[in-house]
Amino acid sequence: MIDLNPQQLDAVQHKNGPLLVFAGAGSGKTRVIVARIAYLIKNHAIPAYNILAVTFTNKAASEMKERIGQILDPDVARQVSIGTFHAICARILRMEHDHFGLSSTFTISDESEQLARVKRAIEALNISTDRVDPKSTCEWISRMKNRFIPPENLIESAGFNIHQKWMAEVFIEYERQLKNDHAVDFDDLIIKVVQLLEENLSVRDKLQDRFRYIMIDEYQDTNHAQYRLVKLLASRYRNIMAVGDDDQSIYGWRGAEVSNILSFSSDFSGVKTIKLEQNYRSTQTILAAASALMTHNANRTPKTLWTTNPPGEKIHVNLVENERAEARVILDSIQSIIRKSNRKLADFAIFYRINSQSRVFEEVFMEARVPYRIVGNIGFFKRKEIKDLLSYIRLILNPKDSSACLRVINNPRRGIGDNTQSQISRFKDEHNIDLFSAIEQMIDEQILKDHKLEKVNRFMQMIHDLIRKSRETSVAEFMDFLIERSGYRAQFDNVNTDEATASIEIIDEFLQLCYDYSERTHGNLNDFADYLSLYDENADRSTKDSTSLDTISLMTLHNSKGLEFPFVFICGVENGLIPLIRSGDLLGPKEMEEERRLLYVGLTRARERLFLSITRQRRMYGNIRESEVSSFIREIPAEHINYQAGEVHRGDSVRIPAPHANRISAETKPIVTHPTSEAEFRKGDRVRHSLYGNGLVLDFKGTGINAKITISFDRVGIKKLVLGPARLIRLN
DNA sequence: CGGTGTCTGTTTTTT
DNA sequence: ACAGACACCG
């Protein structure tokens, strides 16, 4: 237990009873959790098996696993249960599936499938989408589920609220569909376990006894269902440690309830509360500025962050002409810092409020041939191709999953169109069976017309082939087979469009992932499906990238949580963006406070220097708007700020007059870059791809991010890629 | 059945 | 600006 401050030590040595740790930004909370786990095992001889650590992201979970593995005997470390709420609940659900009336092969539906189901439910009920919007209904259902409000109650309480009544009926139909498909959604993972614990004494005893010591990270982000779960699991031994920071609660819009951390003391009697207030990350200036900002929030527990770090430099606030200038000024600053001091690109991060802001950075960085990466990008798992392939897997594992079946049946095109599909669906509903069985029966009874029967029959043959193959071979080989046998890849083969090329690349990338998975875990297809549903690439892929690749990091403020960088640029610190206001309507005080916390999170990621930038005008949703300095800037004491280009007016009038727009450096002076619009890469260049590794450029066609590049990779052979998504990094 | 035009609504998103 | 969803027509 070396190197812990008194408060940290206090938390680490706490043995029994509830413990609440307010862990300010950069106060070493992961260290504390990890150290406490080790301490319990080593000094109190608590079996590792009895310890549960819950995180919010897979990334946090794998980090914690790794750090525990470093201080404990690996065999012992492995026995500690570490995972996200969802992963842990999925495991419990698989183990106890017989209590839920689910087969052990139930599938986990992701968000997009959830929406598809809601749409189908609306359709099935013959409600017009003018009356209930699928997306908001989907969100509403999720909120209701997480609060354990059954749809029947909602119908009762609807009264004259006909809209609620409709949504509640959709809710019922949605649940019916899930049950029919032997599927669960993300919310179900948690709430089904809660219900089981509430209803089944023996399971409750078993799990309470198993998890005698529980630690929850990021407790401020728990929602109601997760809170109930925690309470149930911990109620017997009451050895619960909640760690969090109410000032970093930025997921309120998603159902996270800060009140969970604020009322922890009244939920568990005899709570010991510890505040970790020493910050090890940032300079005094950064910390003072961030703290000052937070004093403007009314609803929080007061805390005083302090540091022994040097005062550091003032925060630079840059006024620039527009978002393109913003990107270039930032790149300019980065390059100039690198030139002057011994820094790498990986020391720099750029944060923005909304994803679309990344675009101009991508363009500018691409032109300047500066390697960058986008952290936590919508990415891979939301790609159509991946969702399609995942649906195949789901159907193969669980033929009852009609949702997966529907997604796959005419994809790629097999001539089974809407008409045939609804004919099958009708048959399914009439006989109250699942889609797959419906098709089988219709084939048996020759219900379809000959030409349709032929097509449907061929589809079924294929699925049976796939099911057979899935039992005989590894995940990787199976996926290889699937992609060929289903014709999924062939549909793109002779199409010479950028989209098709990109699709093939995604498929290849996915295959690579399958091979990696097979090699690493030897898991079966069922494990793989869980892995794909619950885990995302950020867990293992980008952690490796971030340490091995020297690139500038770009991300949303939300995605910056939990990270740190020596140099941080936050762009678009303008009213309407930070805080974000969409289409006119004003922000309530609650929303305003969350936006303020979001900026706080961003500010506190910086170790040495902070740069904020503001444009004079910004293009948004197609039209150009005059910008206003964010009112949050005024909440940071002037002594901590150094204004860069032009004058930023701090008074009540926040309109930027843009007096010296043409003095702004990046607008007038070109960046150190290769000014021609020539090929970004040439034949013979050595490049690195995040997945395929290093390779040699064989050919390069076109310009800009849509250029096509052919590379011979050392490890995986020749691939044709589209430059944009390929995110190549030049090596020589 | 499947391709092509038009209309829409645009935050953040650990799972 | 622009992608994605939907309607319409060949």
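Residue numbers start from 1 in every chain, and the chains themselves are labelled A, B, ... in the order their sequence lines are given, proteins ahead of strands. None of the values given here were measured: they were computed from a predicted structure.
Tyr251(A) comes within 4.0 angstrom of a base, heavy atoms only.
Between Leu93(A) atom CG and dT15(B) atom P there is a gap of 18 Å when expressed in whole angstrom units. Between the P atom of dT12(B) and the CG atom of Leu598(A) lies a distance of 11 Å, rounded to the nearest Å. For the pair Gln114(A) CD and dT15(B) C1', the interatomic distance rounds to 11 Å; values are reported in whole Å. Remark: C1' of dT12(B) and CH2 of Trp253(A) are 5 Å apart, rounded to the nearest angstrom. Atom CG of Asn623(A) and atom P of dA1(C) are 8 Å apart (whole Å). Computed from coordinates, the Asn223(A) CG to dT15(B) P distance equals 14 Å when rounded to whole Å. Here the P atom of nucleotide dA1(C) and the CZ atom of Arg324(A) are 15 Å apart, to the nearest Å. The separation between Asn58(A) atom CG and dT13(B) atom C1' is 14 Å, rounded to whole Å.
Counted within 6.0 Å of CG on Asn299(A), heavy atoms from surrounding residues, nucleotides or ligands total 12 or fewer; the atom is thus considered open. Enclosure of atom CG in Asn623(A) by more than 12 non-hydrogen atoms of other residues, nucleotides or ligands within 6.0 angstrom is indicated.
Remark: the Thr615(A) side chain and the Glu323(A) side chain contain no N/O donor-acceptor pair separated by less than 3.5 Å.
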query: Is there a side chain to side chain contact (heavy atoms under 4.5 Å, CB included) between Met460(A) and Ile439(A) once you walk through the steps?
result: CA-CA 8 Å; Met460(A) 291 304 270; Ile439(A) 299 172; 3.6 Å; yes
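Using a 4.0 Å cut-off, some side-chain N or O of Thr556(A) falls inside it from OP1 or OP2 of dT13(B).
Partner of Arg597(A) under the side chain to side chain contact (heavy atoms under 4.5 Å, CB included) criterion, chosen from Leu557(A), Leu293(A), Asn297(A): Asn297(A).
Taking only side-chain atoms of Glu111(A), from C-beta outward, the nucleotide of dA3(C), dT15(B), dT12(B) with the closest atom is dT15(B).
Leu390(A) is not listed as a side-chain neighbour of Phe510(A), based on a closest heavy-atom distance of 4.5 Å or more.
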query: Nucleotide by nucleotide, 5' to 3', does protein get under 4.0 Å of the base (B), only the sugar-phosphate (S), or neither (-) in nucleotides 1-11 of chain B, counting heavy atoms?
result: SSS------BB
